[in-house]
Amino acid sequence: MVVNSLTINALICDDEYSCINEISQYLVKYCKEHNITYSYDCFNSAEDAINSNTTYNIAFLDIEIGSITGLDIAKKLKNNNKNIIIFFITSYEKYIDDAADLFALRFLQKPLDYSRFYSGLDKAIELINEDIVKFYLKDENKIIRLKSNKIIYIETLNHKTKIVTITKTYYSSKLIDEWEKDLTHTSFSRVHKSYILNMDYVSEYQRDQVKLTDGSFVPISYRKQAQFRKVFYQYLKRRK
């Protein structure tokens, strides 16, 4: 499995330190083997986990952890990122229906099985790479669902946004600040107040602009140049 341009930012919450250590070790091993940039926060208190304001794209949650359950934490995390991938750590079948309502990817039983953990992360990576974004077409009165990895760039135009994809161009009433919040994959970068681009489609890079694979040129604002240079070189390093 080849993984490109991806960062895992995980939350691990369990009341057993041994389980936290096991999950974190498995996660680090997997990410190093797949050249994935990673970070993670560990909590043995549900209260601390639910009060975290960090946005995560993967979470490993013990369901029975106190008066605040793993289900409660999952609901809060989904408010911060609706596309977050949830793994529940439990052997209690009574929670399966509630977990299914939260679109949990998988249940992990203690003691953890690395091969099952590994295959679960494989599936999670596929889902992260295929984040679905939804937007309203300004002039056609309908909603479009689109895989984010098909977007080349987004541009602000007179109170609407232009969404250029590999097959078609759309116009939406969705503001660019909203797009920036929804496009959680690390291949996207806000390089200008009026532009978000997908680095997967950069063919040439100069200090103040990039050329994309469709032939478009996107400017990089002066204030964003140093930041984008760092982000883009990190992206290229992960692509190797």
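For clarity, every value in this text was computed on a predicted model and none was experimentally measured.
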Whether over 12 other heavy atoms sit under 6.0 Å from K193 NZ = no
query = Which heavy atom of C13 sits nearest a heavy atom of A49, and at what distance?
reply = SG-CB, 3.8 Å
remark   = d(D200 CG, S187 OG) to nearest 0.5 Å is 4.5 Å
query = Within a strict 4.5 Å, meaning less than it, do heavy atoms of the V191 and V210 side chains meet?
reply = no
ask   = Are the side chain of S194 and the backbone of T156 linked by a donor-acceptor contact shorter than 3.5 Å?
value = no
inquiry  = With a 4.5 Å cut-off on side-chain heavy atoms, are D122 and H34 touching?
reply    = yes
inquiry  = Is there a side-chain contact between I85 and F87 in this structure, where contact means two heavy atoms from C-beta onward sitting under 4.5 Å apart?
reply    = yes
key: Pair W179 + F188: ring centers closer than 6.0 Å   = no
message = Donor-acceptor pair, distance only, cut-off 3.5 Å: does the side chain of D72 make one with the backbone of T69?
response = yes
inquiry  = Pair N44, Y17 - check side-chain hydrogen bond (donor to acceptor under 3.5 Å, both in side chains), show working.
reply    = CA-CA 7 Å; N44 76 322; Y17 285 110; 2.9 Å; yes
message = Between N57 and N9 (side chain of the first, backbone of the second, donor and acceptor by atom type, cut-off under 3.5 Å), is there such a pair?
response = yes
query = Does the gap between the ring centers of Y153 and H192 come in under 6.0 Å?
reply = no
ask   = Are F228 and Y205 close enough, and set up right, to give a ring-ring contact (aromatic ring centres under 6.0 Å, His included), and what steps lead you there?
value = CA-CA 10 Å; F228 180 73; Y205 165 50; 5.4 Å; yes
query = Are V164 and S216 side-chain neighbours, meaning at least one heavy-atom pair lies under 4.5 Å?
reply = no
Within-4.5 Å side-chain heavy-atom neighbours: S67 and E47 = yes
remark   = Scanning both residues in full, the closest heavy-atom pair of F88 with G70 reads CE2-O, 3.6 Å
key: Exercise: identify the closest heavy-atom pair between N198 and I151   = ND2-O, 2.9 Å
remark   = When rounded to the nearest 0.5 Å, the distance separating CG of L11 from OG of S39 is 10.5 Å
note = d(N21 CG, I12 CD1) to nearest 0.5 Å is 9.0 Å
ask   = Just by distance, do the side chain of D48 and the backbone of F43 share a donor-acceptor pair under 3.5 Å?
value = no
ask   = Do S119 side-chain atoms and R116 backbone N/O form a donor-acceptor pair below 3.5 Å?
value = yes
inquiry  = Using side-chain heavy atoms (C-beta onward) and a distance below 4.5 Å, is Y201 in contact with D214?
reply    = no
Y195-L175 co-clustered via ILVMFWY side chain contacts under 4.5 Å = no
query = Atom NZ in K78, atom CD1 in I84: separation rounded to 0.5 Å?
reply = 7.0 Å
Nearest atoms (heavy-atom pairs only) where M199 meets V231 = CE-CG1, 3.7 Å
key: Non-hydrogen atoms of R190 and I176 that approach each other most closely   = NH2-CG2, 3.3 Å
Contact check, side chains of I89 and L61, non-hydrogen atoms, under 4.5 Å = no
task = Measure the spacing between CD1 of I8 and OH of Y56 and express it to the nearest 0.5 Å.
result = 14.0 Å
ask   = In Å and rounded to the nearest 0.5 Å, what is the OH to CG distance from Y40 to L27?
value = 7.5 Å
request  = Please check if the side chain of K160 supplies one atom and the backbone of Y171 the other of a donor-acceptor pair under 3.5 Å.
outcome  = no
key: Beyond-backbone contact of K174 with I163, side-chain heavy atoms, under 4.5 angstrom   = no
message = Between Y26 and F60 (judged by ring centroids, cut-off 6.0 Å), do the two rings come close enough to count as a pair?
response = no
ask   = Given the rule in the side-chain contact (heavy atoms from CB on, under 4.5 Å) test, do I58 and L121 qualify, once you have shown the distances and angles that lead to the verdict?
value = CA-CA 9 Å; I58 293 181; L121 276 179; 4.0 Å; yes
Geometric class of the F117/Y114 ring pair [parallel <30°, tilted 30-60°, perpendicular >60°] = parallel
key: Nearest non-hydrogen partners of I220 and Q225, listed with the distance   = O-NE2, 3.4 Å
